[in-house]
Engineer: 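Pasting a structure here, questions to come.
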Amino acid sequence: MARGSMETELMSDPTIKLPDDLLVEIVSRVPYKSTCCCKCVSTRWRDLVSHPDHREKLPRSTLAGFFYKTRGMGRDGRFPHVYQSVSGNWCPLDASLSFLPECEKLDILDCCNDLLLCRRRTARKKLDHRRTLEYVVCNPATEKWVTFPATQYSWLVDDARLGFDPAFSSHFHVFDLVTVVASNLNYKYDYRIKKVEIYSSKAGGWTHHIVWDNPIEILCLSGGTFFSGVLYLCADNNSVAAVDVESNCRIIPIPTSPDARGVPNVYVSQGQLYLTDHGSSELSIWVLEDSIGENCWTMKLKVSYLQLVGVEYSSAGEHYGVISAHPEHDEIFITVESASGFFSQMKLFSYEMDSKELRFVCDLGWNSRCPYLPYVPLFSESLTDGH
């Protein structure tokens, strides 16, 4: 290399003579958000930070907070969206998503890692009584977003799920869950998935259409999670339905308490699938050791409600619920609903499973509504074809 070109390159990147291993060691000591900025220094820095071999050493994003709705109506007749931070204000967000184009109605349906799945309905145009329904997937941290048309079934869909794992791909999938509603003799409403439409951002369209002769019954108020290319949903008859991006489905039996009083749920933490089971007096957490195997659940935690939340919130009148597991630590997040005068107050706690330490996080107020969607910010350009 000529002397002049070498001097120019040294001026633009003084670390050019540092070995890759030493540079990675230096970058590993800065906060996650700064690590993302390091990718903009040069092509070499970008490749080093993005390389899979360095993923374990470099800092990663962590759970920043939760999106949820409140029972109070906004001025436009919608349930207002709220964002609650659980790790300080290092990643402030605009819960109204004001960076998105104006529309008649916008609903947040799901959150997977750093991406939000929304459904927007446009206003009627002059001399045209039709409304347009479309999906929006956005990254609140970077304010990047993409839109794509809904399916012909989307007007009938109350539930849609998002699948995105930046560790494996920059592309996402959307699952349109078309349900039929049935009630039993106890007036309990069951939501049975009859059709599933799957959208692929890589293909740029709806790639799979599934119709089941025997609809899968999804428990009311149960959530779901996307893990290693598979969407897991809590189903009826003590089982979890696993639907992959190629439209294959299998049913996994789950262990539940004989006196279960709450709806089981699934979460992802530390590269494993967690299952929570609420008994009448205790909480159990199970781990699916091998997501490809069958019936491989092992007990991780069993704790009484008295041990979990202490005497103050352990009375029979309280309502408990695990809303998420921390993606990197042995920590779960719990909501506790307690009576306060004519209203009930919803409080958010975190519980360290190893130390058995309960920590009060914040008051969510009396009008918060589930689902509580965990948000993990990612500052890279994950929406490669977005705005």
Side-chain angles (χ1 to χ4, degrees), residues 32-33 36 39 50 55 60-69 81-87 91-101 103 106-120 134-150 154 157 159-177 197-207 223-233 243-245 266-269 323-328 371-387:
Y32 172 77
K33 190 171 182 179
C36 297
K39 297 170 69 175
S50 304
R55 185 174 295 133
R60 289 175 289 180
S61 184
T62 188
L63 180 68
F66 293 90
F67 282 94
Y68 61 94
K69 296 180 181 179
H81 301 130
V82 178
Y83 173 74
Q84 175 62 55
S85 172
V86 296
S87 58
C91 183
L93 294 176
D94 176 13
S96 67
L97 307 179
S98 58
F99 60 89
L100 294 177
C103 63
L106 180 74
D107 289 316
I108 297 178
L109 302 179
D110 198 12
C111 183
C112 191
N113 289 302
D114 67 314
L115 297 185
L116 286 180
L117 172 64
C118 308
R119 188 165 53 195
R120 66 190 297 262
E134 63 182 6
Y135 284 110
V136 181
V137 175
C138 66
N139 183 334
T142 62
E143 298 190 352
K144 300 292 184 180
W145 50 274
V146 293
T147 62
F148 51 94
S154 296
V157 170
D159 199 3
R161 303 299 173 92
L162 176 64
F164 175 62
D165 189 343
F168 294 96
S169 173
S170 61
H171 296 282
F172 63 82
H173 292 81
V174 173
F175 299 79
D176 232 355
L177 307 180
E197 303 283 334
I198 301 178
Y199 177 88
S200 166
S201 65
K202 184 176 182 179
W206 296 91
T207 56
T225 191
F226 185 80
F227 178 49
S228 296
V230 179
L231 177 66
Y232 292 89
L233 300 166
V243 185
D244 67 22
V245 297
V266 283
Y267 309 98
V268 175
S269 178
I323 62 170
S324 184
H326 197 285
E328 299 172 5
Y372 300 91
L373 305 174
Y375 175 70
V376 178
L378 186 67
F379 296 92
S380 63
E381 301 295 327
S382 56
L383 295 176
T384 55
D385 54 347
H387 297 270

Engineer: Can you tell me how far OG of Ser324 sits from OH of Tyr267, rounded to the nearest 0.5 angstrom?
Structural biologist: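 If I round to the nearest 0.5 Å, the distance is 6.5 Å.
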Engineer: In the structure I gave you, are the side-chain heavy atoms of Pro140 and Leu116 within less than 4.5 Å of one another anywhere?
Structural biologist: yes
Engineer: Could you state the interatomic distance from CG (Asp114) to CZ (Phe164), rounded to the nearest 0.5 Å?
Structural biologist: 5.0 Å
Engineer: Quick one: are the ring centres of Tyr199 and Tyr135 less than 6.0 Å apart?
Structural biologist: no
Engineer: Is the side chain of Trp206 donor-acceptor paired with the backbone N or O of Pro149 at a distance under 3.5 Å, no angle test?
Structural biologist: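 Yes: the side chain of Trp206 pairs with the backbone of Pro149.
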Engineer: Which distance, rounded to the nearest 0.5 Å, do you find between the CZ of Phe227 and the CG of Asp244?
Structural biologist: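 The distance works out to 14.0 Å.
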Engineer: For Tyr232, does its backbone N or O pair with a side-chain atom of Thr225 as donor and acceptor, under 3.5 Å?
Structural biologist: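 No: the side chain of Thr225 does not pair with the backbone of Tyr232.
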Engineer: Is there a donor-acceptor pair under 3.5 Å between the side chain of Thr147 and the backbone N or O of Val136?
Structural biologist: no
Engineer: Contact between Gln84 and Tyr68 at the side-chain level, heavy atoms closer than 4.5 Å - yes or no?
Structural biologist: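 They are in contact (side-chain heavy atoms under 4.5 Å apart), so the answer is yes.
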Engineer: Can you tell me how far CG of Asn113 sits from CG of Leu162, rounded to the nearest 0.5 angstrom?
Structural biologist: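 Going from CG on Leu162 over to CG on Asn113, the span is 9.0 Å.
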Engineer: Over all heavy atoms of both residues, which pair between Tyr375 and Cys111 is shortest? Give the atoms and the distance, please.
Structural biologist: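 That would be CD1-SG, 3.8 Å.
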Engineer: Quick one: does Phe148's side chain get under 4.5 Å of Val137's, heavy atoms only?
Structural biologist: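 Side-chain contact under 4.5 Å: yes.
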Engineer: Looking only at the aromatic ring of each residue, does the gap between the centers of Phe66 and Tyr372 stay below 6.0 angstrom?
Structural biologist: no
Engineer: Do Cys138 and Leu100 touch side chain to side chain, with heavy atoms closer than 4.5 Å?
Structural biologist: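 Cys138 vs Leu100: side chains touch.
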Engineer: Minimum heavy-atom separation for Leu233 to Gly224, with atom names?
Structural biologist: CD2-CA, 4.1 Å
Engineer: Indicate yes or no: at least one non-hydrogen side-chain atom of His173 is less than 4.5 angstrom from one of Thr207.
Structural biologist: no
Engineer: Starting at NZ of Lys144, measure out to CG of Asn139 and round the result to the nearest 0.5 Å.
Structural biologist: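 With rounding to 0.5 Å, NZ (Lys144) is 9.5 Å from CG (Asn139).
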Engineer: Flag the pair Tyr83 / Ile108 as yes when at least one side-chain heavy-atom distance between them is below 4.5 Å, and no otherwise.
Structural biologist: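 The answer is no; the side chains never approach within 4.5 Å.
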Engineer: Is the shortest heavy-atom distance from the side chain of Cys118 to the side chain of Leu97 under 4.5 Å?
Structural biologist: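 A side-chain contact under 4.5 Å exists here.
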Engineer: So, for Asp110 and Ala160, which heavy atoms are closest and what is the spacing to 0.1 Å?
Structural biologist: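 Asp110 and Ala160 have their closest heavy atoms at CB-O, 3.9 Å.
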Engineer: Taking all non-hydrogen atoms of both residues, which atom of Pro374 and which atom of Leu63 are closest, and how far apart?
Structural biologist: CB-CD1, 3.6 Å
Engineer: Write down the atom of Asp107, the atom of His81, and the distance for their closest heavy-atom approach.
Structural biologist: CA-NE2, 3.9 Å
Engineer: Taking the side chain as every heavy atom from C-beta outward, state whether Cys103 and Glu134 have any pair of such atoms under 4.5 Å apart.
Structural biologist: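 Not in contact.
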